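Model, not experiment: these values are computed from the prediction. Quick note on labels: first sequence line is chain A, next is B, and so on, each numbered from 1.
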Protein chains: 2
Amino acid sequence: MAGTRELLMDEAERGVRSGGYNAVSFRDLADALGIKSASVHYHFRKKEDLGVALVDRYSKRFFEALDAQAEIARTPEDRIRAYCRTYRDALTSSDAICLCGMLGAETSGLPEAVSSAVREFFEENLAWLRGSLSAHMTDHDAHARSAHILATLQGAMMLSHNMDDLSVFDAAAAGVTSGF
Amino acid sequence: MAGTRELLMDEAERGVRSGGYNAVSFRDLADALGIKSASVHYHFRKKEDLGVALVDRYSKRFFEALDAQAEIARTPEDRIRAYCRTYRDALTSSDAICLCGMLGAETSGLPEAVSSAVREFFEENLAWLRGSLSAHMTDHDAHARSAHILATLQGAMMLSHNMDDLSVFDAAAAGVTSGF
DNA sequence: GTCTATAATTTGATAGAC
DNA sequence: GTCTATCAAATTATAGAC
């Protein structure tokens, strides 16, 4: 009773995170659910609508998971560790990179509404990181450190996935928790 | 007199680095050169062949540029700075992310030969970094630090490109040259 | 090396019945 | 909500003439 719309989004997210935006077709989604592609268009009039819905749902879930991980974290170091764990879980629980990491790479080839939603996700990430760091360093340093942490974890997911080696993620992530 | 094959690869590299593997079609490549798609198949029998050729050429050029940047660099710090500059130049000179960063993200949706070539590029990157660091730290640390640097720069390109803000790349990259 | 011609398949999308 | 039916366009790829 999960609802066709949610099931379609589950399938689409899997597809985008594996092969990218253009690797997902309405027909494939329909086949996976045993319905017809015309029915998919009932739930998402255009592919762009599906893309935006995917990013919104992913972002909402990501920050829920992050809040759960960071709930008892007080020090900046603990909060960054919680942030790294959230990314690691996203990688291992689905054996795929971040939805927004994929769409961020494909930015120039996407409908504007989709790449904008991705950008918002990254801006929220940076704001969360700055908020976790700002009390313990200058604004300038918190700004730079936030970009460094987000970039490293996004790159680590891509690298670890391509090389099929989780230790690459862990090695890269270890570098962002040092220096406090 | 650049040769049709090279011109096709120029156009294809531009397309893949912007929108991904599936955003490039033989017809678009042909149109860009004023020829027919059948002629593209003369130069690259299958799309997979084009993909592998692109990665090989990109890798060769990247390491040539890297060697030029690092020619006079002796200390690990200087060599890492040269490495960062090479990535930054790749980003700014084409206003697009790394070819292998894009294809690495799309790994699961690519012909195996293409994702393997991308993996080789990353392995060569890590070997170069380890070689630049190994004399000054343990093998374990050099291994981890190499993954950290490569992941950060790849993620920084993606992030900076999506957010259309080069300062994001610089802020992220600043984090890899500290701590020597 | 490039062309015409063509094939088989896939794509995003719509109209209208049930 | 899902279906049938359909569409125009795009895709990878091949055969064979020039």
Side-chain angles (χ1 to χ4, degrees), chain A residues 1-55 57 99 102-103 106-117, chain B residues 1-55 57 102-103 106-115 117:
Chain A
M1 206 154 293
T4 301
R5 185 186 162 93
E6 288 296 307
L7 291 173
L8 284 171
M9 289 176 73
D10 292 344
E11 191 64 24
E13 181 178 321
R14 222 183 41 71
V16 173
R17 290 175 71 179
S18 292
Y21 187 80
N22 292 311
V24 169
S25 80
F26 275 36
R27 259 183 182 73
D28 287 343
L29 298 178
D31 288 349
L33 267 71
I35 61 177
K36 297 297 171 182
S37 75
S39 306
V40 181
H41 280 279
Y42 167 80
H43 295 281
F44 304 97
R45 205 176 64 83
K46 295 187 303 171
K47 194 178 179 182
E48 176 182 340
D49 300 333
L50 169 61
V52 172
L54 284 181
V55 174
R57 189 184 73 162
L99 178 75
M102 176 67 80
L103 295 175
E106 296 179 314
T107 288
S108 305
L110 297 178
E112 212 274 325
V114 179
S115 59
S116 282
Chain B
M1 206 151 295
T4 301
R5 185 186 162 93
E6 287 298 307
L7 290 173
L8 284 170
M9 290 177 72
D10 292 345
E11 191 64 24
E13 181 179 321
R14 221 183 41 72
V16 173
R17 289 175 71 179
S18 291
Y21 187 80
N22 291 310
V24 169
S25 81
F26 276 37
R27 257 183 183 74
D28 288 344
L29 298 179
D31 288 349
L33 268 72
I35 60 177
K36 297 297 171 181
S37 75
S39 305
V40 180
H41 281 278
Y42 167 80
H43 295 279
F44 304 98
R45 204 178 65 84
K46 296 187 303 172
K47 193 178 179 183
E48 177 182 339
D49 300 334
L50 169 60
V52 173
L54 284 181
V55 174
R57 189 184 73 162
M102 175 68 80
L103 295 175
E106 296 179 313
T107 288
S108 305
L110 298 179
E112 213 272 326
V114 179
S115 58

K.L.:
Given side chains that start at C-beta, do those of Arg57(B) and Asp10(B) come closer than 4.5 Å, heavy atoms only?
P.N.:
yes

K.L.:
If you look at every heavy atom in Ala12(B) and Val24(B), which pair is closest and at what distance?
P.N.:
O-CG2, 3.9 Å

K.L.:
Check nucleotides 2-6 of chain C against the protein and report each pair of N or O atoms closer than 3.5 Å, with its distance, or say if there are none.
P.N.:
residue : atom : partner  : partner atom : Å
dT2(C)  : OP1  : Thr4(B)  : OG1          : 3.0
dT2(C)  : OP2  : His43(B) : NE2          : 2.9
dC3(C)  : OP2  : Lys36(B) : N            : 2.6
dC3(C)  : OP2  : Ser39(B) : OG           : 2.9

K.L.:
Quick one: pull up CZ in Arg17(A) and CG in Leu103(A) and give me the separation to the nearest 0.5 Å.
P.N.:
10.5 Å

K.L.:
To the nearest 0.5 Å, tell me how far Leu33(A) CG sits from Thr4(A) OG1.
P.N.:
6.5 Å

K.L.:
Counting the atoms with a prime plus P, OP1 and OP2 as sugar-phosphate, which does Val40(B) contact under 4.0 Å by heavy atoms, base, sugar-phosphate, or nothing?
P.N.:
nothing

K.L.:
From Phe44(B) CZ over to Leu29(B) CG, what is the distance, rounded to the nearest 0.5 angstrom?
P.N.:
9.0 Å

K.L.:
Take atom NE2 of His41(A) and atom C1' of dA5(D), then tell me their distance rounded to the nearest Å.
P.N.:
14 Å

K.L.:
Leu7(B) CG to dG1(C) P: how many Å, rounded?
P.N.:
13 Å

K.L.:
Can you pull out the residues from residues 46-55 of chain A that lie within a 4.0 Å heavy-atom distance of DNA chain C?
P.N.:
Lys46(A), Lys47(A)

K.L.:
By salt bridge (Lys or Arg N to Asp or Glu O under 4.0 Å), which residues pair with Lys36(A), not counting sequence neighbours?
P.N.:
none

K.L.:
Is the distance from OP1 or OP2 of dT14(D) to the nearest side-chain N or O of Arg45(B) less than 4.0 Å?
P.N.:
yes

K.L.:
Taking atom P of dG1(C) as reference, at what distance in whole Å does atom CD of Glu6(B) sit?
P.N.:
12 Å

K.L.:
Take the protein atom CG of Leu8(A) and the nucleotide atom P of dG12(C), then report the distance between them rounded to whole Å.
P.N.:
13 Å

K.L.:
Whether the side chain of Glu106(A) engages the backbone of Tyr21(A) through a donor-acceptor N/O pair (distance < 3.5 Å, no angle test) should be reported.
P.N.:
yes

K.L.:
Quick one: CD on Glu13(A) to CG on Leu50(A), what's the gap to the nearest 0.5 Å?
P.N.:
10.5 Å

K.L.:
Rounding to an integer number of Å, can you tell me how far Leu110(A) CG sits from dG12(C) P?
P.N.:
13 Å

